[in-house]
Participant: 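Before anything else, here's the structure in question.
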Amino acid sequence: QVQLVESGGGLVQAGGSLRLSCAASGVIFRINTMGWYRQVPGKQRELVAARTRDGTTNIHDSVKGRFTISRDNVKNTVYLQMDSLRPEDTAVYYCNAEIANFLNQRREYWGQGTQVTVSS
């Protein structure tokens, strides 16, 4: 019904940059919140950044000042610009979206995840 397609992950040296993108497609009435989570083996999945439809943002303290989240409501796409990357940023990054269909049924969707690896 709804698919989140992620791109932009990869291998980068410390201090480098990556830009992640996530596009939602399918039967969509409204996307309320879109954001990015990350997870490393043995650790709890944590929120990196999220953005509501009206532009309110939340950014984790560990990436504040380095990462920027943006959103294109026309294209149903969310971006994560990651600058000054550190090895501790290495994780699988997951796109997340809360989406309502035309019956006003809300559901959370997840992307498949994209690997970000930052070398020392």
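Sequential numbering from 1 along the given sequence is applied to the chain's residues.
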Participant: Less than 4.0 Å between a side-chain N and a carboxylate O, is that true for R86 and D89?
Facilitator: no

Participant: Do R71 and N73 have side-chain heavy atoms sitting under 4.5 Å apart?
Facilitator: yes

Participant: Is there side-chain contact between I99 and N76, with at least one heavy-atom pair below 4.5 Å?
Facilitator: no

Participant: Parallel under 30°, tilted from 30 to 60°, perpendicular over 60°: which one fits the rings of F67 and Y93?
Facilitator: tilted

Participant: Under a 4.5 Å cut-off applied to non-hydrogen side-chain atoms, are W36 and M82 in contact?
Facilitator: no

Participant: Heavy atoms, side chains only, cut-off 4.5 Å: are R38 and L80 in contact?
Facilitator: no

Participant: Using side-chain heavy atoms (C-beta onward) and a distance below 4.5 Å, is R19 in contact with Q81?
Facilitator: yes

Participant: Tell me, do R51 and T57 make a side-chain contact under 4.5 Å, heavy atoms counted?
Facilitator: yes

Participant: If you count the non-hydrogen atoms of other residues, nucleotides and ligands that lie under 6.0 Å from CD in Q115, is the total more than 12?
Facilitator: yes

Participant: Which heavy atom in V118 sits nearest to a heavy atom in T90, and how many Å separate them?
Facilitator: N-OG1, 2.9 Å

Participant: What are the two closest non-hydrogen atoms of G35 and I69, and how far apart are they?
Facilitator: CA-CD1, 4.1 Å

Participant: Considering all heavy atoms of both residues, which atom of C95 and which atom of V78 are nearest to each other, and what is their separation?
Facilitator: SG-CG1, 4.0 Å

